[in-house]
Amino acid sequence: MEKWSLMTITVLLGLIVRWTVSFGSYSGAGKPPMYGDYEAQRHWQEVTYNLPIKQWYFNTSDNNLQYWGLDYPPLTAYHSLLCAYVAKLINPDWIALHTSRGYESQPHKLFMRATVLIADLLVYIPAVILYCCYLKETSTKKKIASALCILLYPGLILIDYGHFQYNSVSLGFALWGVLFLSYNWDLLGSLAFCLAINYKHMELYHSLPFFCYLLGKCCQKGLTGKGLVLLIKIAFTVVASFAICWLPFCTEVEQILQVFRRLFPIDRGLFEDKVANIWCSLSVLIKIKNVMSPQTQLKLSFAFTFLTLLPACIKLTLQPSLRRFKFALVSCALSFFLFSFQVHEKSILLVSIPVCLMINEIPLMCTWFLLVSTFSLLPLLLKDGLLLAYVVTTLAFLTVCATFFSIFEKTSEEDLQLKSLSLSIRAYIPSFKAFPKIIKSLFIVSLTLMGILTSMSATLTPPQKLPDLFPVSVSVVSCVHFLFFLMYFNAIVLWDSRNGRNQKKIN
Amino acid sequence: EKKDEGRPGKSSNMLRVVVKKTVINCSSCHHSTDFEVHRNWLAITHNLPVSQWYYEATSEWTLDYPPFFAWLEYALSHVAKYFDQEMLVIQNLNYSSQATVFFQRLSVIFTDILFVYAAHECCKYVNGKRPGKELLEKPMFVLAVLLLWNFGLLIVDHIHFQYNGFLFGLMLLSVARLFQKRHLEGALLFAVLLHFKHIYIYVAPAYCVYLLRSYCFTANRADGSLKWSSFSFLRITLLGLIVCLVSALSLGPFAVLGQLPQVISRLFPFKRGLCHAYWAPNFWALYNAVDKTLAVVGIKYKFLDPEKISKASMTGGLVQEFQHTVLPSVTPLATLICTFISILPSVFCLWFKPQGPRGFLQCLILCALSSFMFGWHVHEKAILLAILPLSLLAVESPKRAGIYLILTTTGHFSLFPLLFTPPEITTKILLMLLFTVYSFSSLRALFRREGPLLNWLETIYLIALVPLEIFCEIVFPLTPWNLKFPFIPLLLTSVYCALGITYAWLKLYVSKAE
């Protein structure tokens, strides 16, 4: 069958799964007074439509920042404004100032879900299709399979179409950035990534790899000649794109500072809620929040974050290659997720999407990671009433990956990209050949554990003394997995040097 | 080797189908009346003794399927009580708690397992001319997807809510058994099917003639014609025994209680009109359309007296009797005669020139389609009775593939008015696009060397479905005519699809004659 018809079928399947998930519940459905993220997005449409720009980020009588104040960069605000204009055409009650608080109705839900679908269709899905179509040295079957698996990734679908957010826009822009960089269109790539950061500032997790890769490229070209020209052009593009996005706010310094205060709420503390984060997991044993002062917490988290991501970034700057860049995206974002400040469980998506990009190279590990990342969102999904959607989409994803990539058969060292590492280990322990078996059995154990925990969280009630038993166990288990993956991905980047020349061809 | 290579692909496909069906199934928020119908039947069979089943009339949705289906509901009701006891109370009309909906949808998914098994059996008997190297191009795989992902079945069963998957599974299984020369099993399965849903009586002539001709007469003469001396009394006795036994099991209890007339009157309610509220796209839809046009033209050019014409609207949403204004009115007897005449050629062909199981399948499809064309009070869902068996022939010959594409696309399009709430419009369009893109590209890839499957006229007709859909669902509701003539989109859809289906029917007859 022709490639275009197979791709169309893949896109249609992705859209069908997305739309059917959107029939489910959203965050904060029917839960006054605060509701949830769905109400937050509706409220932002109300604020951006009815109030002048100067007041969007400030606490005024019309704009109570305690009730879902804007805490994303300006592009989100412009997007909400655009949606508000459409909402006004259909039903002005949806965005009437003050009176539309907590507005919930079937037509409104349909409208909101439609905005997510349209944004997805315009930004994220084309990026995925183009990325898969232009993968080098892969058969058509593998390209289609990658596209299908990426589009069926449950985490993004459940958060965007279930819980209700617009992550696909910022992740889509970042993906466009990666796509442009893979074609050496550095300026377009930087522009796309700046748009991503200006949509959701969590994309800063990806900023170091982008920076190091481009810097490394400039250095390769020679810092005195072409490299310097490229560096200046990139810098100019970045500054120009930021300037355009922040233009209405550039009139006063106070405006910019206030936006920063909303984006980076430093006084909120090391973590909130149950997150598959090191700090949250450690707090089971030691109450970190009580032991250290907020300033020390901040410094500690920064220190650990940068310690863990520095090796990959330095390697990337010295020897920039596309493959190393993609792995660095994963390891940096994962370091940030595990060790950073005020991390939300949804930030795991920033790690998952770069992992999706490598699904045709290391299918087993990527599938494993993506399943764990979805599993780490379980407490949030249970709160939103999305258990059925979670179970069905996860099973569908596992089935599709297992059939198309034969993950249970392909577990040799080369398939796991661990050849160089195991060669080094065999230099010390000559009889070490156990990687494939270990990893395969670990995978099956992990799947079973996740399945058991899911059914327990869904059916049993926790004992009185430990009301948070299940969310905490989910977080701790996910955290252990993530640490393991951090070591794995870093190992690939760092031990890459021996096969550096061979791998460059595959890029 | 062909079977082995196809098997992993097919088993993975089936797994995905079950998962995806669950996704689609559990998504729908719209409850059609069919949902309440089945809840009511669960309540009736659970609470009342058998003697009351066909007399109970608290709800307007009385039991109008044969006894085996009632027994199925009875079995399901025993599982239902673990989900929600309240749904089994007859007086709880329109009761639809979350648990109820969940249980009902789960029961459809569960009974679909039979359909999956039947599709698996049918795929073994596909004769691909040139099996492609890739899994995606094997006729077996294409057939499996066309059957399991059939758009019509998906939306009718899982969104609109019925148990057709289970019933079509029985039919396809009986067809597969006939292919395997296990005639008695095939006959048994069909007899059982008839007592589950009597609409399958449409295809009974094909079964009767085939079994009589190719099973009871054990041998043919050298030139293929009938050899009267080879008639086997044993076989016909066995067949008769099977049919009688099944009927006795099903209708026996009611015959003993003297309730047969009541059961018959429930199963065959002829009081309903010629057409359903929304005209099924068959011959009578065209007949009605011509009648209406002539009436309008006649009034305008003063051929007819406006006072004599009744103002009854034919697609007003209510099921009522009406009279045609210009053309002669149609009675149930007239439709029966028309149906009988239209199936005669194919049945004669099956008797005089039997071509084995394939000939039987062609006859079955023609019977189903002819009954659809001329039947009384046909529901548009009945088009699936012709589409699903045609899938088996479509993967074998390019000519049939072309006919299949026309019939499927128009048939599925005619099912669109079943889902009309705004959230479901997107679902149905996406699913329809998925199935259409897949069927076109896979069949084209299968018969790549035979040239195009459709000629330019057919292609234009099918492409024009897109502007028709845009007009009916998006443009028309925004115009002022929406209030005055709300039935125009339905009328346009059914008449346009009727053209396509009639064309496919004629082409199928012609291709069989060749």
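Sequence lines set the chain letters: A, B, ... in the order given, protein chains first and strands last, and positions in each chain run from 1.
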How long is the gap from [atom1] on [X] to [atom2] on [Y], to the nearest 0.5 Å?
{"X": "A:W19", "Y": "B:L431", "atom1": "CH2", "atom2": "CG", "result": "12.5 Å"}
{"X": "B:L433", "Y": "A:L15", "atom1": "CG", "atom2": "CG", "result": "9.5 Å"}
{"X": "A:L12", "Y": "B:M432", "atom1": "CG", "atom2": "CE", "result": "12.0 Å"}

- Message: My understanding is that only residues two or more places apart in sequence, or in another chain, count here; which of them pass side chain to side chain donor-acceptor pair (under 3.5 Å) with A:E2?
- Response: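 A:W4, B:R444.
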- Query: For B:N150, what residues pass the side chain to side chain donor-acceptor pair (under 3.5 Å) criterion, not counting sequence neighbours?
  - Reply: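 Here the qualifying residues are B:H412.
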- Side chains of A:I9 and B:L434 in contact at under 4.5 Å (non-hydrogen atoms):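 Sidechains of B:L434 and A:I9: in contact.
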- Query: Among A:V391, A:L110, A:V11, who wins on heavy-atom pairs under 4.5 Å with chain B?
  - Reply: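 When all of A:V391, A:L110, A:V11 are compared, A:L110 has the most.
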